[in-house]
Asker: 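After the structure tokens below, expect a handful of questions from me.
When reading the values below, keep in mind they use all heavy atoms of this one structure, side chains included, and skip hydrogens, waters and symmetry mates. What you see is a predicted model, and the numbers here were worked out from it, not measured in a lab.
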Amino acid sequence: MTKIPHRLYLTEDQMPQRWFNLRSAMPEQPDPMLHPATLQSLGVDDLAPIFCTELAKQELDGTTEYVDIPEEIQEVYKMYRPSPLIRAYNLERALGTPARIYYKFEGNNTSGSHKLNSAVAQAYYAKMQGLTGVTTETGAGQWGTALSEACSYFGLTCDVFMVKCSYEQKPFRKAVMGVFDADVTPSPSNLTEVGRKILAENPGTTGSLGCAISEAVEAALNSEGKKRYVLGSVLNQVLLHQSIIGLESRIAMEQLGEYPDVVVGCAGGGSNLGGLIAPFMADKLKGVKNPRIVAVEPASCPSLTRGKYAYDFCDTGRVTPLARMYTLGCGFIPSANHAGGLRYHGMSPVLSKLYHDGHMEAVAYEQTKVFEAAVLFAKQETILPAPESAHAIKGAIDEALKCKESGEAKTILFGLTGTGYFDMTAYENYLTGKMTDYIPTDEDLQKGFNSLPDIPQNKDI
């Protein structure tokens, strides 16, 4: 039998030419997004003032199975895709496990992450609509970097509201966004009404993705129709674009004669996780295969493992539509942990529904344990992972150690969403023993739950 290579790259011709819509495979659809004023289900016309029209259509589409990837987007994809599927031989040996560990590496582009997959798509649709630019938020800076890059390519302006603690922890992320002409503002800021309100109520706040979303949406709505807001996670349209990760993974694994017994992904808003698991979850829902799907989140922001399944605002300023999802409450401000991309109070409504219906599992880890796994991985596989990705690594390692105990040679697939070269302060804090773990108490979480909207749909929450 031919040995499985360390790295498998598909050819350009093998790159998927269609995205896969995970919602089309779901036996029950997620509950609809609601208008915050009327509490009625939203249509495309309701979303069009905030999102690009084509993206609004993708957001609400629960039936179309495959969506053609426009040729212009494919041409950009080809500059960094297909991304490699890698067999973690050295990690397997270090763990002494009979498991076969694979990871899909999305860090081979300037943004250093998977985020470019959706950024290119959203910038393209904004350009096709004749807009002059877009607004957005970013946590760790990966999404902001990716969108800045995509907007530069399509000739659009890009206004980025970056979570304040990440802005201060990762100054070079701002510099990279500047290379692509983005305008980057730490959030909450004094540039928007909602930012000023949040600062007045919490003067020392380190910010959150919910805060930054509020500011970005307000900025788009005040642009006289010249700009739209775009989001790098959570939404169905983003999971659609990110499905290329899972589609490529399945093609590559089929070439190797493999199929994952366990698929592990880090979980913040859901973009990487949803994209990675899409075709495998569809197989599971259709009864074709039965892989275990494991979401890994930070213990400091445990929306799946300790959140409530409720209707909530997607932002702290309460200007966005209401979505039913696992949430800690839009008023929850997480601690300033180093996995900035996972510091979101809620989870994708699509993934929340799948988790609620028992099709997916979730675990939460303290950040010191996550960085311990990251260092082990870096030493064995020569890639320094982003803190967000390291959550998936920790989850995959734990699954592999279970195989060591049981003697089972399971196939494990996880998503390595990006690199950690802008996260050296975090690594230094871990290596010098300065890193601490914060796990919110039930009382801490209740403060966030108290911010859930008091509406009939939440009556029994």
Asker: Keeping the roles fixed (side chain from Q242, backbone from N272), state whether a donor-acceptor pair exists under 3.5 Å.
Answerer: no
Asker: Kindly give the heavy-atom pair with the smallest separation between P260 and L413, and that separation in Å.
Answerer: CB-CB, 3.9 Å
Asker: Report yes or no: does T145 contribute a side-chain atom to a donor-acceptor pair with the main-chain N or O of S111 at less than 3.5 Å?
Answerer: no
Asker: I'd like to check L239 versus R23 (side-chain heavy atoms, cut-off strictly below 4.5 Å). Are they in contact?
Answerer: no
Asker: Under 4.5 Å between any side-chain heavy atoms of Y438 and D444, yes or no?
Answerer: yes
Asker: Check this for me: does any side-chain nitrogen of one of K78 and E75 sit under 4.0 Å from a carboxylate oxygen of the other?
Answerer: yes
Asker: Answer yes or no: are there more than 12 heavy-atom neighbours, outside Q17 itself, under 6.0 Å from its atom CD?
Answerer: no
Asker: Can a donor-acceptor pair be found, under 3.5 Å and without considering hydrogens, that links the side chain of Y344 to the backbone of C314?
Answerer: yes
Asker: When you measure from the side chain of E106 to the backbone N and O of S83, does any donor-acceptor pair fall under 3.5 Å?
Answerer: no
Asker: Evaluate whether atom OH of Y421 has more than 12 neighbouring non-hydrogen atoms of other residues, nucleotides or ligands under 6.0 angstrom away.
Answerer: yes
Asker: Can you say whether the rings of W19 and Y77 are parallel (under 30°), tilted (30 to 60°) or perpendicular (over 60°)?
Answerer: perpendicular
Asker: For the residue pair P84 and N108, establish whether any side-chain heavy-atom pair is separated by less than 4.5 Å.
Answerer: yes
Asker: Using a strict threshold of under 4.0 Å (side-chain N to carboxylate O), is an ion pair present between E254 and K289?
Answerer: no
Asker: Indicate the atoms forming the closest heavy-atom contact of A390 with V370, along with that distance.
Answerer: CB-CG1, 3.4 Å
Asker: For the pair D46 (side chain) and G43 (backbone), establish whether a donor and an acceptor sit closer than 3.5 Å, ignoring hydrogens and angles.
Answerer: yes
Asker: Does any N or O in the side chain of E218 come within less than 3.5 Å of the main-chain N or O of E193, such that one atom is a donor and the other an acceptor?
Answerer: yes
Asker: Is it true that atom CD of Q446 has more than 12 heavy atoms of other residues, nucleotides or ligands lying nearer than 6.0 Å?
Answerer: yes
Asker: Between atom CD1 of I277 and atom CD1 of I293, what is the distance when rounded to the nearest 0.5 Å?
Answerer: 5.5 Å
Asker: Give a yes or no on whether the backbone of V238 and the side-chain of S118 come within a donor-acceptor separation of less than 3.5 Å.
Answerer: no
Asker: Quick check: Y259 with F280 (ring centres under 6.0 Å apart)?
Answerer: yes
Asker: I'd like to check I393 versus Y103 (side-chain heavy atoms, cut-off strictly below 4.5 Å). Are they in contact?
Answerer: no
Asker: Using a strict cut-off of less than 4.0 Å between a Lys/Arg side-chain nitrogen and an Asp/Glu carboxylate oxygen, indicate whether D357 and K353 qualify as a salt bridge.
Answerer: yes
Asker: With no hydrogens and no angle check, just 3.5 Å: does a side-chain donor-acceptor pair link S300 and Q367?
Answerer: no
Asker: Hey, is the main chain of T205 close enough, under 3.5 Å, to the side chain of N202 for a donor-acceptor pair?
Answerer: no
Asker: At their closest point, which heavy atom of F313 faces which heavy atom of T320, and how far apart are they?
Answerer: CD2-O, 3.3 Å
Asker: Does the Lys NZ or Arg CZ of K127 fall within the cation-pi geometry relative to F154 - under 6.0 Å from the ring centre and within 45° of the axis?
Answerer: no
Asker: For the NZ atom on K174, are there more than 12 heavy atoms of other groups (residues, nucleotides or ligands in this structure) within a distance under 6.0 Å?
Answerer: no
Asker: Would the distance check show the side chain of T53 and the main-chain N or O of A48 forming a donor-acceptor pair, the cut-off being under 3.5 Å?
Answerer: no
